[in-house]
Amino acid sequence: MPRSLVMGGAGFLGSHLCDRLLEAGHEVICMDNLVTGSADNIAHLAGDRFQFINHDVTRTIQVDGPLDYVLNFASPASPVNYLKLPIATLKVGSFGTHNALGLARAKKAVFLMASTSEVYGDPKEHPQAETYWGNVNPIGPRSVYDEAKRYAEALTMAYHRTHQVDTRIARIFNTYGPRMGIDDGRAIPNFFKQAWTGKDLTVYGDGRQTRSFCYVTDLIEGIYRLLLSSEHDPVNIGNPKEMNLLEMAEKILQVTGSQSKIVFKPLPTDDPKVRQPNIARARELLQWQPQVDLDQGLRVTSEYFKSQLGGD
Ligand code: UDP
């Protein structure tokens with residue numbers, strides 16, 4: 001039975017990854033300090049093949065016994081959270097990733113780094129392919145996340161080249177679905193909460209900035225296939241269907257049937273104007289592409305947020 005460590009396993013993506021690995025027959029150790037993750041996300045997972053360890057991965061990580069896979073999903077990931085936790089975000093991307101790579105090396109485990117489309121910054125190439133080096137402000141407020149992830153990618157490649165660690169790098173684009181933190185400040189949770197509670201939907205800027213949203217089960221399937229591949233260079237995982245934020249707000253009003261209005265608020269500093277993955281590499285290497293369409297994904301997500309608000 002493969003034995004896997006999921007760092008950040010109580011987070012939005014980490015918990016879905018635990019689900020997927022358990023389904024594939026792994027024994028799963030979930031490590032999280034619950035700073036942005038939640039015990040509720042893994043409450044359904046208690047059992048023989050699942051173990052939770054409350055630990056801050058910026059401190060030395062000790063795991064008894066063998067490990068086949070180490071998956072590093074530990075980090076605040078929403079702009080509101082990483083702006084509240086700037087130094088913790090830099091530390092988890094640097095020290096946390098260093099500890100994880102050291103552990104993977106010692107255990108001769110495959111290592112997978114959850115990187116991000118934020119490595120492309122406010123991109124000057126559109127859509128973004130893995131060959132694009134990005135346009136990141138190294139001292140702006142978002143740099144605590146962007147540069148930590150860029151450093152984590154550099155460290156991952158250095159461990160691969162120097163110590164022959166069997167590494168993978170997933171560049172994850174915007175993802176949504178059940179277990180997103182309702183108060184994490186991202187557009188989709190904000191819009192749902194506002195729609196369900198009769199508040200105005202807050203669109204930042206003129207709402208013409210774009211994102212491309214992937215449903216969580218699609219994303220996790222891409223990650224799982226990358227893990228089983230032998231690809232060391234970064235691979236974009238995301239849904240190429242691009243839309244602007246005003247369209248997303250309108251879509252959420254439609255899905256919820258809410259009478260809320262849309263209001264415009266200032267655009268945060270360095271907010272990327274466009275974002276869309278080029279997934280040609282994932283298609284070719286992993287035979288993967290998203291399956292869930294936006295209406296379908298938003299309906300399930302809507303029910304989740306409604307239940308979080310005590311609405312059913
Ligand atoms: N956004 C918005 N209203 C909100 C929250 C976010 O219009 O209440 C915008 C934000 O400015 C950005 C986009 O939605 O352009 C996506 O933001 P999010 O925080 O979800 O993630 P990002 O893609 O910026 O990491």
Side-chain angles (χ1 to χ4, degrees), residues 11-13 36 73 75-86 89 93 114-123 126-128 134-137 140-150 170-216 219 236-253 256 258 260-277 294 297-298 301-302 305 309:
F12 166 45
L13 295 185
T36 55
F73 280 68
S75 179
S78 85
V80 164
N81 283 338
Y82 60 70
L83 296 180
K84 259 192 249 161
L85 299 164
T89 301
S115 185
T116 169
S117 54
E118 284 281 322
V119 301
Y120 302 123
D122 188 10
H126 191 67
Q128 295 79 51
N135 177 39
V136 172
N137 174 355
R142 292 176 88 102
S143 67
V144 299
Y145 185 68
D146 303 6
E147 297 292 15
K149 292 288 189 181
R150 289 172 66 97
R171 290 194 180 145
I172 298 171
F173 283 66
N174 291 67
T175 308
Y176 71 100
R179 301 190 204 143
M180 281 187 104
I182 195 159
D183 291 315
D184 80 6
R186 286 173 164 131
I188 290 185
N190 276 4
F191 293 165
F192 272 115
K193 186 175 178 181
Q194 291 158 347
W196 281 123
T197 57
K199 306 251 166 59
D200 295 342
L201 271 61
T202 53
V203 168
Y204 301 159
D206 60 9
R208 276 188 288 183
Q209 71 275 27
T210 70
R211 294 293 186 272
S212 306
F213 296 95
C214 186
Y215 188 64
V216 64
L219 192 284
N236 288 340
I237 309 281
N239 191 324
K241 194 178 167 348
E242 184 184 19
M243 66 193 297
N244 72 40
L245 267 293
L246 189 55
E247 288 168 328
M248 178 54 90
E250 282 161 356
K251 193 92 205 158
I252 288 177
L253 288 179
T256 54
S258 167
S260 290
K261 294 200 306 293
I262 291 175
V263 295
F264 294 90
K265 300 270 179 188
L267 193 67
T269 309
D270 294 339
D271 198 284
K273 283 182 268 312
V274 291
R275 193 186 273 162
Q276 183 189 27
L294 187 68
L298 285 179
T301 308
S302 182
F305 284 126
L309 292 163

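For the single chain, residues carry numbers from 1 onward in sequence order. Every number for a ligand or one of its atoms is a count from 1 in the order of the listing.
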query: Is the shortest distance from a heavy atom of Gln194 to ligand 1 less than 4.0 Å?
result: no
Ligand 1 contacted by Ser117 (non-hydrogen, < 4.0 Å): no
- prompt: Given Phe191, Tyr204, Phe213, which has its nearest heavy atom closest to atom 7 (O) of ligand 1?
  reply: Tyr204
task: Closest by any non-hydrogen atom to atom 23 (O) of ligand 1: pick that one out of Arg211, Met248, Arg208, Glu118.
output: Arg211
When you measure from [atom] to every protein heavy atom, which one gives the shortest distance, and what is it?
| atom | answer |
| --- | --- |
| atom 3 (N) of ligand 1 | Thr202 O, 2.6 Å |
| atom 20 (O) of ligand 1 | Ala187 N, 2.9 Å |
| atom 13 (C) of ligand 1 | Leu245 CG, 3.7 Å |

message: Any carboxylate oxygen within less than 4.0 angstrom of a Lys/Arg side-chain nitrogen, looking at Arg211 and Asp271?
response: yes
- prompt: So does Arg275 pair up with Glu118, basic N to acidic O under 4.0 Å?
  reply: yes
Heavy atoms only, cut-off 4.0 Å: how does [X] contact ligand 1, side chain, backbone, both, or neither?
| X | answer |
| --- | --- |
| Asn190 | side chain |
| Asn174 | side chain |
| Lys265 | neither |
| Arg186 | both |
| Arg142 | side chain |

query: Does any N/O atom on Pro79 come nearer than 3.5 Å to any N/O atom on ligand 1?
result: no
- prompt: So is there a nitrogen or oxygen of Asp271 less than 3.5 Å from a nitrogen or oxygen in ligand 1?
  reply: yes
Kindly say whether [Y] contributes a backbone atom to a donor-acceptor pair with the side chain of [X] at under 3.5 angstrom?
| X | Y | answer |
| --- | --- | --- |
| Gln128 | Gln276 | yes |
| Asp122 | Asn135 | no |
| Lys149 | Ala114 | yes |
| Gln209 | Tyr204 | yes |
| Arg171 | Pro277 | no |
| Asn239 | Ser212 | no |
| Ser78 | Asp184 | yes |
| Ser258 | Leu253 | no |

message: Nearest 0.5 angstrom please: Asp206 CG to Leu267 CG, how far?
response: 8.0 Å
Could you list which atoms of ligand 1 come closer than 4.0 Å to a heavy atom of [X]?
| X | answer |
| --- | --- |
| Val203 | 7 (O) |
| Gly185 | 5 (C) |
| Pro268 | 11 (O) |

